[in-house]
Undergrad: 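One structure coming up, written as structure tokens, with questions to follow.
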Amino acid sequence: MRIIFSRKGFDSAAGGGPSPIVGGAPVSLPIPAGAASDTTYGDLGLGDHAHAASRGRYGAQEACHHDPMFVEEGRCMFGQVGAAQTHLQNRGVGIGDVFLFFGLFREKGGDPHHRIFGFLEIEEIIPLAGGAPDWLVERGHPHALAMHGSNDTVYSGHGQVAARASDALRLTVQEGPPSIWHRPAWLKPGGLSYHDRPDRWLRGNRLRSVGRGQEFVADIGRRKAPRDWLAAIIEEIRGS
């Protein structure tokens, strides 16, 4: 089994600033659309938040890359392509693995930090090279509306966003900066893709996360400790 820490949403490079925490809930702002999109920030009710987080660069009328897409049936569809999708494939990501979506957030008056805001348990993997299924097109998923690359792929399954920005879902250590994470004890040096350098694994169960990159894969096999940790994180999201 694999846990994929998947970076999504606004940050200083994509969008211009952190996504907000509103009324105690994380509100992940999709990145601006770089390809065909039928969805604007206004369609998602995020126009004002996008305008504030981007310092006026984006607003209700601008198109956004609505991905991952969480829908009312408690399901999620997430698309990946290019080098990031090749990385997932090379790491053997498949049915039964779990994406933990995280991003950069900030509550008004608070510090910017990384936190987990949702999950996806993979039940179906849909390569799009031969065309997107009608149901995915009807949903308006951006990877179904326009091919982003020859290995364009959508992952689908049970998923949910957190309704509360709890401390249990915060990755960044309390004193910051955002890139320094408190890592669970089961996550050992060499156990997370793109984090092979020894100097990233710090004392006190801390990890210096990489500045860029989207998909960081931890192969947990059949180990009990990471499975218990993952179950607790999913329960925190579902129960928040």
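Residue numbers count from 1 along this sequence.
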Undergrad: So does Asp134 have more than 12 non-hydrogen atoms from other groups sitting under 6.0 Å from CG?
TA: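 It does not: Asp134 CG has 12 such atoms or fewer within range.
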Undergrad: Would you mind telling me which of Phe119, Phe78, Tyr155 makes a ring pair (Phe, Tyr, Trp, His ring centres under 6.0 Å) with Phe101?
TA: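 The passing option is Phe78.
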Undergrad: Return yes when atom CZ of Arg57 has more than 12 non-hydrogen atoms of other residues, nucleotides or ligands closer than 6.0 Å, and no otherwise.
TA: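 No.
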Undergrad: Of all the heavy-atom pairs spanning Arg200 and Ser209, show the shortest one and how long it is.
TA: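 Looks like NH1-O, 3.5 Å.
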Undergrad: According to the interplanar angle, ranging from 0 to 90°, do the rings of Trp181 and Phe216 count as parallel (below 30°), tilted (30 to 60°) or perpendicular (above 60°)?
TA: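 Ring orientation, 0 to 90° scale: tilted.
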Undergrad: Going through the distances and angles, do Arg139 and Glu72 end up as a salt bridge (charged side-chain N to carboxylate O under 4.0 Å, His left out)?
TA: CA-CA 12 Å; Arg139 281 287 185 185; Glu72 61 276 4; 3.6 Å; yes
Undergrad: Check whether the ring centres of Phe102 and Phe5 lie less than 6.0 Å apart, and answer yes or no.
TA: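 Between Phe5 and Phe102, which both carry aromatic rings, the centre distance is not below 6.0 Å.
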Undergrad: Testing the basics here: between Pro178 and Leu104, what is the closest heavy-atom pair and its distance to 0.1 Å?
TA: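 For Pro178 and Leu104, the tightest heavy-atom pair comes out as CB-CD1, 3.9 Å.
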Undergrad: Near Glu123 CD, under 6.0 Å, is it more than 12 heavy atoms from other residues, nucleotides or ligands?
TA: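 More than 12 within 6.0 Å, yes.
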Undergrad: Do we see a donor-acceptor contact under 3.5 Å between the side chains of Arg197 and His195?
TA: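 Side chains of Arg197 and His195: no pair found under 3.5 Å.
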Undergrad: Hey, could you give me the NE2/CD distance between His182 and Glu175, rounded to the nearest 0.5 Å?
TA: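 Nearest 0.5 Å value for the NE2-CD distance: 10.5 Å.
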Undergrad: Does Asp48 CG have over 12 foreign heavy atoms under 6.0 Å away?
TA: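 12 or below, so no.
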Undergrad: Does a salt bridge link Glu236 with Arg170, judged by any charged N lying under 4.0 Å from a carboxylate O?
TA: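 Arg170 and Glu236: not salt-bridged.
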Undergrad: Of the options Glu215, Arg91, His87, which is the one that meets Ser193 in a side-chain hydrogen bond (donor to acceptor under 3.5 Å, both in side chains)?
TA: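 Of Glu215, Arg91, His87, side-chain hydrogen bond (donor to acceptor under 3.5 Å, both in side chains) with Ser193 is met by His87 alone.
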